[in-house]
Amino acid sequence: MFWYMIAAKKNHYDAMAGIGGLYLHGRGVDKDVNKAKRWYERALEGGSPVAQCGIGSMHREGIGFPQDYTKAAEWYLKAAKQGYVSAQFNMGRVYEKGEGVTQDYGVAMEWYLKAADQGDVDAQNNLGRFYHQGLGVPKDFQKAKMWYQKAIEGGCESAKKNLNLLQPIT
């Protein structure tokens with residue numbers, strides 16, 4: 001918290017968002033949704049993608065705001081367009097599930113691919129699952145295996161389970 005505060009005093013907007021995240025999750029401080037919200041809102045003034053994604057998650061989960069998938073998707077999109085990997089993953093998830101947007105596996109895959117290319121192991125695992133199950137793409141067990149293996153290399157436990165499900169098929 002100490003270093004975040006020093007950076008926040010110098011108008012480092014992602015540090016402000018970091019403080020918001022600490023309060024939101026009660027990491028090193030008492031959990032306080034209102035303080036989290038205030039810190040995120042300060043960071044939004046500087047266009048922080050970290051804050052945009054955090055506010056999006058608050059809307060998605062109904063924490064500090066009424067649950068609103070559409071607003072969540074709008075905030076995630078702002079951050080994802082700035083290349084923020086967590087928001088790109090979240091955009092994949094909202095399109096996969098149809099939360100606040102029309103469900104579209106093809107668009108979900110595009111967002112997962114952007115996150116996966118930045119090393120997001122959960123996005124890599126999801127791409128494997130899309131190819132494994134034929135979600136928005138023809139089933140392709142070789143591509144599924146490739147994505148699962150990338151995710152495993154990054155430490156994704158779910159990908160190990162998914163690869164084991166794929167093994168008897170290939």
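Quick note: residue numbers are just sequence positions, from 1. Basis for what follows: all heavy atoms, side chains included, without hydrogens, waters or symmetry-related copies.
Ser57 pairs by the side-chain hydrogen bond (donor to acceptor under 3.5 Å, both in side chains) definition with Tyr76, not counting sequence neighbours. Here Glu110 pairs with nothing under the salt bridge (Lys or Arg N to Asp or Glu O under 4.0 Å) rule; sequence neighbours left out. For Glu45, the side-chain hydrogen bond (donor to acceptor under 3.5 Å, both in side chains) test picks out no residue, with sequence neighbours left out. Residues satisfying the ring pair (Phe, Tyr, Trp, His ring centres under 6.0 Å) criterion with Tyr40, sequence neighbours excluded, are absent altogether. Taking His25 as the reference, Arg27 meet the side-chain contact (heavy atoms from CB on, under 4.5 Å) condition, with sequence neighbours excluded.
Within the 3.5 Å criterion, the main-chain N or O of Tyr95 finds no donor-acceptor partner in the side chain of Gln103.
Note that CG of Asn90 is 9.5 Å distant from CD of Glu99, once rounded to the nearest 0.5 Å. A distance of 8.0 Å separates CD of Gln142 from CG of Leu166, quoted to the nearest 0.5 Å. Here CG of Asn162 is found 12.5 Å from CD of Gln149. Values are rounded to the nearest 0.5 Å. Taken from OG in Ser48 to NZ in Lys78, the straight-line distance is 12.5 Å, to the nearest 0.5 Å. A distance of 7.0 Å separates CE of Met146 from OH of Tyr131, quoted to the nearest 0.5 Å. To the nearest 0.5 Å, the span separating CD on Glu74 from NZ on Lys71 amounts to 8.0 Å.
Listed here is the closest heavy atom pair of Ala108 and Gly92: CB-O, 3.3 Å. Residues Ala17 and Ala43 approach most closely at N-CB, 3.7 Å, considering heavy atoms. Nearest heavy atom pair, residue Leu163 against residue Lys145, reads CD1-CG, 3.8 Å. Residues Ala72 and Gly56 approach most closely at CB-O, 3.2 Å, considering heavy atoms. Smallest separation of non-hydrogen atoms from Gly128 and Ala144: O-CB, 3.3 Å. Across all non-hydrogen atoms, the minimal contact from Gly154 to Val121 is CA-CG1, 3.5 Å.
Cluster membership check: Leu113 shares its hydrophobic cluster with Val137, using side-chain heavy-atom separations under 4.5 Å among Ile, Leu, Val, Met, Phe, Trp and Tyr. Clustering ILVMFWY residues whenever any of their side-chain heavy atoms sit less than 4.5 angstrom apart, transitively, puts Tyr105 in the very cluster that holds Phe89. Hydrophobic clustering keeps Val33 apart from Leu22 (ILVMFWY residues linked when any side-chain heavy atoms are closer than 4.5 Å, directly or through intermediates). In the hydrophobic clustering of this structure, Met91 does not group with Phe130; members are Ile, Leu, Val, Met, Phe, Trp, Tyr whose side-chain heavy atoms approach within less than 4.5 Å, directly or through other members. The cluster map of Ile, Leu, Val, Met, Phe, Trp and Tyr, joined by side-chain heavy atoms under 4.5 Å apart, puts Phe65 and Trp39 in different clusters.
Tested against Gln88, the residues Lys114, Lys81, Arg93, Gln118 include a single side-chain hydrogen bond (donor to acceptor under 3.5 Å, both in side chains) partner, Gln118. Considering His132, Gln124, Lys160, Glu153 in turn, His132 is the only one that fulfils the side-chain hydrogen bond (donor to acceptor under 3.5 Å, both in side chains) rule with Tyr148.
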* Candidate pair Trp75 and Met58, rule side chain to side chain contact (heavy atoms under 4.5 Å, CB included), full reasoning -> CA-CA 10 Å; Trp75 283 112; Met58 291 178 76; over 6 Å; no
* Check step by step if side chain to side chain contact (heavy atoms under 4.5 Å, CB included) holds for Arg60 and Tyr69. => CA-CA 5 Å; Arg60 182 178 183 274; Tyr69 292 130; 3.8 Å; yes
* To do: Begin from the C-alpha positions of Arg42 and Tyr13 and carry the test side chain to side chain contact (heavy atoms under 4.5 Å, CB included) through to its verdict.
  => CA-CA 8 Å; Arg42 284 184 64 193; Tyr13 294 105; over 6 Å; no
* Asked: Checking side chain to side chain contact (heavy atoms under 4.5 Å, CB included) for the pair Asn125/Tyr112: CA distance, chi angles, key distance, verdict?
  -> CA-CA 9 Å; Asn125 181 51; Tyr112 283 144; over 6 Å; no
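Looking only at side-chain heavy atoms (C-beta outward), Trp111 and Val94 stay at 4.5 Å or farther from each other.
At a cut-off of 3.5 Å, with distance as the only test, a side-chain donor of Gln82 or Gln52 sits close to an acceptor on the other residue.
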Can you give each donor-acceptor pair under 3.5 Å made by side-chain atoms of residues 4-12, sequence neighbours left out, with the distance rounded to 0.1 Å?
unit_1, atom_1, unit_2, atom_2, d
His12, ND1, Ala15, N, 3.0

